[in-house]
Amino acid sequence: MDWLWGINVSRALMDAVRKITGKRTILSAGRVQSPTLVEAVRRWREIKLAVPIPSFNITVTLRKDTMEFNAYPDGWAPNTRKEAIQITKQLRETPWLRVENITWKSNTIRPPPAFNLGDLQSEAARLYRFSPMKTQKLAEDLYLEALISYPRTNSQKLPPTINYASIIKSLASIPTYSKLVQQLEVETRGVLRPVQGRKDDPAHPAIHPTGVKPRNLDPDHAKIYDLIVRRFLAAFSKPAQIERVSVKLTDRHGRMYAAKGIRVVDDGWWKYYPYLRPKEVYIPKLTQHEKVKIVKVGYSTKWVSKKPQLSKTSLLKWMESQQIGTEATRARIIEILYKRGYLESRGGKTIVTDLGMYVSEVIEELFPDLAKVELTRRFEEYIDAIRTGKTTRKRVIDETIRELDALIRKYKERLDHVGNKLAIALGALEPQVKCAICGREAVAHRPFTMCKYHKEAYERLTNTIPIVVEKMNVSEGEALRLIASRRGEAGLWVIEVAKHLQLLSSEE
DNA sequence: GCAAGGTC
Ligand SMILES: [Zn+2]
């Protein structure tokens, strides 16, 4: 069924391009890659269409004896810039905050379970910016050297059938870990009971070292090996303890502020796996009703937009959450999206190409089932039904062929439409009417000729302008200029529209 | 050549 869907839809896409351009271009579609591409496109559009809204924060720096610490508005925020300026001024005039109450809270943080492949890929990306494919390759190398257990596993469990004691004993003879292992032996008094994670695998336990001594690992392999060993050791260790302190303070006008501290009381498993240890923030000893001196106060404007993440790692996590693909294939399938030219890396960031956007659209329009994760669920049900004898392999395959046959028939009627779309995306064909900003095919003409992306950006922008006018107390023209200057927070399509509108108004 | 699932 994967083969039928994949081969037929891939060829359908390629045929459309060849008919219009006469060129052979390799394109593909599939049960796992296509929903992943659609998700990447969805995120990409949100990134490009993000319109930021200004928000205001006040930072109050306090001093007790010689120690400085920060407090921030608690449960409220200035609504407008005018308000932020006014409050800042009042705090400078009455430069103290009064302590209303102090609360302490102790937290126990249990060690995380040993790695499954997804968790390892996620940590290697966070700490070393390794791509999921790179981490998988490094882990597979370590496995083939017999240094670690099978890496293509979803399990976070270390069953007692694994001889923990002998592995840990062997690790003691590796100089890097001998001290840690000694510590673990003292701490556990030889009682080895690892934490078990929720996720499981039908065939393999969590990734763990075998105890075989590594020789001459290059730096990248050593990093992955180190993460695996430390995470394994941490699983046997005791919980860490932290203490959080929260100080609530008020100003002369009764507005509430909070200063928050965090202190590590017991390092516990962070001794073995320090990569998740929180950063400590110290707050001096204070007493209730005490007035604390303000030494500095300022407001900051933060432009907030909700941009989703788009990276190899975030796509892999999405695939895991949707339960599509397997440990062996997820990273590989993401690389296929790059190989096809649907995704590209630019300056360490993932971008979606026009080809990716248009292929995703064509699949959604003409092979909608292949664009959704539900197709995988249906496959699973078929397999179950075959297994339990409710249907047969032949019946399922025949139905798939009939279904695809009907889809391909409809597709052929639209071959020119699809071919034109993809040829334009590939730059082999010019659209008839072009967007004034980007030259893509135009779909609207007011207030200027726009493609569908800039049209959407225009609509979102015009909805947000009044909010910026109110919050920043500026004219519409100034609001446009402000948004156009928020390179980090505003989406590129929105910035382009804002600049184009400025240009149009200056010509008037 | 095109999918997705495996393995080493
Ligand atoms: Zn455009």
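Values in this document were obtained by computation on a predicted structure and should not be read as measured data. Below, chains carry the letters A, B, ... as their sequence lines are ordered, and counting in each starts from 1.
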Whether A:K134 engages the ring of A:Y128 as a cation-pi pair (distance to the six-membered ring centre under 6.0 angstrom, angle to the ring normal within 45°) should be assessed.
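No, a cation-pi geometry is absent between A:K134 and A:Y128.
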
Examine A:R231 relative to A:Y273 and say whether NZ or CZ is less than 6.0 Å from the centre of the six-membered ring and inside a 45° cone about the ring axis.
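Satisfied, under 6.0 Å and within 45°.
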
Carboxylate-amine/guanidinium proximity below 4.0 Å for A:E335 and A:K312:
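Here A:E335 pairs with A:K312 in a salt bridge, since their nearest N and O are under 4.0 Å apart.
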
Can you classify the ring geometry of A:H204 versus A:Y150 as parallel (below 30°), tilted (30 to 60°) or perpendicular (above 60°)?
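The rings of A:H204 and A:Y150 lie parallel, inter-plane angle below 30°.
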
Scoring nucleotides 1-8 of chain B by protein non-hydrogen atoms under 4.0 Å (B base, S sugar-phosphate only, - none) yields BBBSBBBB

What pairs of donor and acceptor atoms, side-chain ones from residues 191-199 of chain A against any protein atom, are under 3.5 angstrom apart with sequence neighbours left out?
from	atom 1	to	atom 2	distance (Å)
A:Q196	OE1	A:L158	N	2.7
A:Q196	NE2	A:L158	O	2.9

